[in-house]
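What follows is a single structure, written as structure tokens, with notes after it.
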There are 2 protein chains.
Amino acid sequence: MNRSNRSWLLERDGTIPLYRQIEQQLRQRISNGEWPVGTRLPSQRKLAEQLGVNRSTITQALDELASWGMVEGNKGGGTRVVNNTWNRLAAATIDWDSYVESGAHQPNLPAIRQINEAEYDSSIIRTGTGEPGPDLLPTEHVRRILADTSDEPFLGYEEPKGSLRLREQIVQYAARQGISCSPESILIVSGALQALQLIAVGLLQRPSCIVAEKPSYIQSVRVFQSAGIGVHAVQMDEHGIQINHLQQQITEHQPGLLYTIPTFHNPTGTILSSERRAELLELSSSLSLPLIEDDVYRELWLDEEPPPPLKSQDRQGNILYVGSLSKMMSPGIRVGWIIAPVPVIDRLADIKMQTDYGSSGLSQYVAARWLADGHQEQHQTWVRQQLRTRRARLLAALEQYFGDIAQWNAPAGGFYIWLSLPTNVNVHRLFTLALREQILIHPGYMYDWQASHHIRLSYSYADMKQLEQSIYRLRQLVKQCMNT
Amino acid sequence: MNRSNRSWLLERDGTIPLYRQIEQQLRQRISNGEWPVGTRLPSQRKLAEQLGVNRSTITQALDELASWGMVEGNKGGGTRVVNNTWNRLAAATIDWDSYVESGAHQPNLPAIRQINEAEYDSSIIRTGTGEPGPDLLPTEHVRRILADTSDEPFLGYEEPKGSLRLREQIVQYAARQGISCSPESILIVSGALQALQLIAVGLLQRPSCIVAEKPSYIQSVRVFQSAGIGVHAVQMDEHGIQINHLQQQITEHQPGLLYTIPTFHNPTGTILSSERRAELLELSSSLSLPLIEDDVYRELWLDEEPPPPLKSQDRQGNILYVGSLSKMMSPGIRVGWIIAPVPVIDRLADIKMQTDYGSSGLSQYVAARWLADGHQEQHQTWVRQQLRTRRARLLAALEQYFGDIAQWNAPAGGFYIWLSLPTNVNVHRLFTLALREQILIHPGYMYDWQASHHIRLSYSYADMKQLEQSIYRLRQLVKQCMNT
């Protein structure tokens, strides 16, 4: 079911014909200003899909509206609102399109907007989604936390840096990972993405730039670019970021910082080797280059524990460390954190207060209890078992269907497999064809515009049977997309 | 208790002298990079206060650190970290100060940062805070919602516009206020402030400007200014914004939109009269000027229901309507919403996804149940009763202690009384003197830089007895601050 359907209330067995019901509901949306004069309506195909009716029913409804002078078709086949009946002599209306186009913040890449939209259609098979599937979420545990009334949630505002109780838990959690810090040097954020957002607007000049691995998650979000900050790419190999190329890029671009995912890199799954870690720390220190260490995948190791965080070796306060509960406990709870020098945390806390007055106290309450009660450890063990099985099945499916035409890594943790298809495959076409068959893929160019024949697969979200079938089907589609 | 104390673990009955314990903990913070080389330590006075020890103990600890070469005093009496022992031959360290100063986002006004900090010291009496006090929060209701396991929270990501279930509840809630809309034209945000943040970066050119009442809440947050957007002030009187002056300002500045709080205005408590509402809608329509209607205080009417929202009369989609649960149910839950034309909501949802991937699903779950179960109505009735009593007590205290020297309004709803002191009172000095006695006031210049002899009082937060005592004490301090 497409969940958006519920916005339209059609009585399918009613006495009023469907086209008439649709006409009335469209008219209401136009007349109450939800779709102001000038708005382009969704395409007839899309409306038909959303409402679960034949396209001819939509056409009939729109024809009615057109006869009232409320909408007008154009040559391109689109329909625009031109009047709203109650105001035939209407005043000039606001040109919302021009507002929508003039904001400083960049829109998401079109592919990402399509993905964001498709992800909420539950009939779609999500082959690349970077979050734990619903069956991996500790819903029962959380329900128990909520139901335990020996403690009570605090409904007021938390401190600027976030709930002290949660920060104390994170001090202990970080200590287990080798990071020594106190609550003042922690800021609670609404997920790792917000951490990056705050750093982008809080710590970097405009214009300026940063460097990041190529490919990188950071290229798929506009968070730095929208703050007027460029992102330069640094080559990586199977041991992680290439230090030589990093040095070159630093010399050439004088970046404000390096954004890196050293452990179970997104999207390649790579682990930065211990040797490279030492070199990177040395470089950061000798060039006074701050690092953002995005470490949200750390606990998702499947074979053996990864090397300790870079932050655990950072005695000078060069590293802004980013952690999160999204990948292991719950993405929807929106709890992440930054560990950094106190002056930096003070600055970012001040901006966060100006942006949203702090993260949900309820989420922080549940997160603190989750960590305090030791649920995380137990849950991690279970999730790792599940992910090992899923990884094995996805790897087997790839072997079977892509063994002759593609390359990939076998990741030691995290969610992702970075699939390298033949260079003559048009991945954008593949994306479109697959989506028509309800298969959603994450094209490689989201993470590196030059990664034109890669896709990111994930064994974390989709039902395994459906994922295996999709891999089978994708092979056929890939064949179709070669040389096109 | 200052809650930050818990960051320092001092054993007061231990065998290790206090100054030694403090030295060790300071050293740890310096050596693990929380206070990197170059950091200015908090003042000795402040450290002594935070740790609850004599200032001489702090001096002794710092002297020890200085003898290790880790910190250095300067002439101004401040102390800076100069080395971190393990790195006597340390590499160049990162100059975090320069990073902190170069971000695009403006810092909060110093008075606001002081307020944000002071608010988390529970020994302070908060005379101007714009949130319900802990005793007005429906903690027991929320606990019951959480404990009811007939339903379960969803721990995954919600749709880009927010939980459909919550948006459906808001459709009904808005309908009771006369606003007709469907779920597609609603975006769930993490409180009203985030709504403004998204509008600032999503819909307005840079540079450009907006207009707002004088004084206004919007002047106390940097959300538009930080996005490169100026804010011009429009005069108001006891009936709300002055339409003539608004027209002048529009002609002169060509603003992108008007930000207004027509109902229980913050900080003056004013209600825009029905006549002015009609004029404002007419003006918006004839000049194609979009409005942000900030309506977060609507349900806090104490004498009679206020006029319906401007949005309820908006057939053209000119109004971006902002609502929130912060003032009536829980500020900490961080749930607010924007109701606006669909193209605008689509754009803002896209930016929100790029900023924080949506608001806490747990908060949205609780908010939806709160609204669905009809808790809000019942709670509102009770809160209104409480606020009526509190308002009466604050007004009586003002009559008694300020009757001869100040003017104020008797608000018909909301939280605030806008107190106009004699023009020769230095309010900044008053703020400082009062804070020394643990009384926190909100100076008028936060809301209008020319409101140099006003303060915002609130009857929503402080314990009434303490508030009355503070009013008594403030009178004496005001006398001290005249002509200084």
Side-chain angles (χ1 to χ4, degrees), chain A residues 3 7 32-34 36 91-94 96 99-100 102-105 108 116 120 137 146-147 155-157 159-160 164 180 182-185 190 194 197 201-203 205-206 222 285-286 288 290 314-318 330-332 334 341-343 347 350-351 354-357 360-363, chain B residues 3 7 32-34 36 91-94 96 99-100 102-105 108 116 120 137 146-147 155-157 159-160 164 180 182-185 190 194 197 201-203 205-206 222 285-286 288 290 314-318 330-334 341-343 347 350-351 354-356 360-363:
Chain A
R3 290 199 265 162
S7 297
N32 68 16
E34 290 184 86
T93 51
I94 292 169
W96 281 117
Y99 276 86
V100 162
S102 42
H105 207 288
N108 253 318
N116 284 341
Y120 295 93
L137 299 175
L146 296 178
L155 300 179
Y157 286 117
E159 296 184 50
L164 180 57
S180 159
S182 46
E184 303 105 272
S185 58
S190 300
Q194 190 181 51
Q197 163 78 9
V201 300
L203 298 180
Q205 285 182 305
R206 210 161 51 191
R222 309 268 86 189
S285 179
S286 65
S288 295
D314 172 30
R315 301 273 168 257
Q316 295 175 297
N318 289 3
S330 159
R334 310 306 305 123
V342 173
R347 163 72 170 152
D350 180 51
I351 302 174
Q354 294 184 64
T355 307
D356 61 9
Y357 279 136
S360 161
L362 207 54
S363 286
Chain B
R3 290 201 266 164
S7 297
N32 68 15
E34 291 183 86
T93 50
I94 291 168
W96 282 116
Y99 277 84
V100 162
S102 42
H105 208 291
N108 254 317
N116 284 342
Y120 295 94
L137 300 173
L146 296 177
L155 300 179
Y157 286 115
E159 296 185 51
L164 181 56
S180 159
S182 45
E184 304 105 272
S185 58
S190 302
Q194 189 180 52
Q197 163 79 9
V201 301
L203 298 180
Q205 287 182 304
R206 213 163 44 193
R222 310 270 85 192
S285 181
S286 64
S288 295
D314 173 31
R315 300 274 168 256
Q316 295 176 296
N318 289 2
S330 158
I333 199 174
R334 311 307 303 127
V342 174
R347 164 72 170 149
D350 181 51
I351 302 175
Q354 294 184 62
T355 308
D356 61 11
S360 161
L362 206 54
S363 285

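Residue numbers begin at 1 in each chain, while the letters A, B, ... track the order of the sequences. Here the structure is a predicted model, which means the values were calculated and not measured.
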Between the side chain of A/R206 and the main-chain N/O of B/A104, is any donor-acceptor distance below 3.5 Å? no
Can any side-chain N or O of B/D356 pair as donor or acceptor with the backbone N or O of A/S190 at less than 3.5 Å? no
I need the minimum non-hydrogen distance between [X] and [Y], along with the two atoms involved.
{"X": "A/T355", "Y": "B/H105", "result": "OG1-NE2, 4.4 Å"}
{"X": "A/P331", "Y": "B/G156", "result": "CG-CA, 3.9 Å"}
{"X": "B/N108", "Y": "A/Q354", "result": "N-NE2, 3.1 Å"}
{"X": "B/G33", "Y": "A/P341", "result": "O-CG, 3.6 Å"}
{"X": "A/Q205", "Y": "B/S102", "result": "CG-CB, 3.2 Å"}

Top of A/L203, A/L137, A/V342 for chain B proximity - count of heavy-atom pairs under 4.5 angstrom: A/L203
Can you tell me which of B/S360, B/G361, B/G202 forms the most heavy-atom pairs within a distance under 4.5 Å of chain A? B/S360
With a 4.5 Å cut-off on heavy-atom pairs, point out which of B/S182, B/A147, B/P160 contacts chain A the most. B/S182
Identify which part of B/D314 has an atom lying under 4.5 Å from any heavy atom of chain A, answering side chain, backbone, both or neither. backbone
By side-chain hydrogen bond (donor to acceptor under 3.5 Å, both in side chains), which residues pair with B/N116, not counting sequence neighbours? none
Flag the pair A/P290 / B/W96 as yes when at least one side-chain heavy-atom distance between them is below 4.5 Å, and no otherwise. yes
In Å and rounded to the nearest 0.5 Å, what is the CD1 to CG distance from B/I333 to A/L362? 5.5 Å
Could you look at A/Q197 and say if it's the side chain, the backbone, both or neither that has a heavy atom under 4.5 Å from chain B? side chain
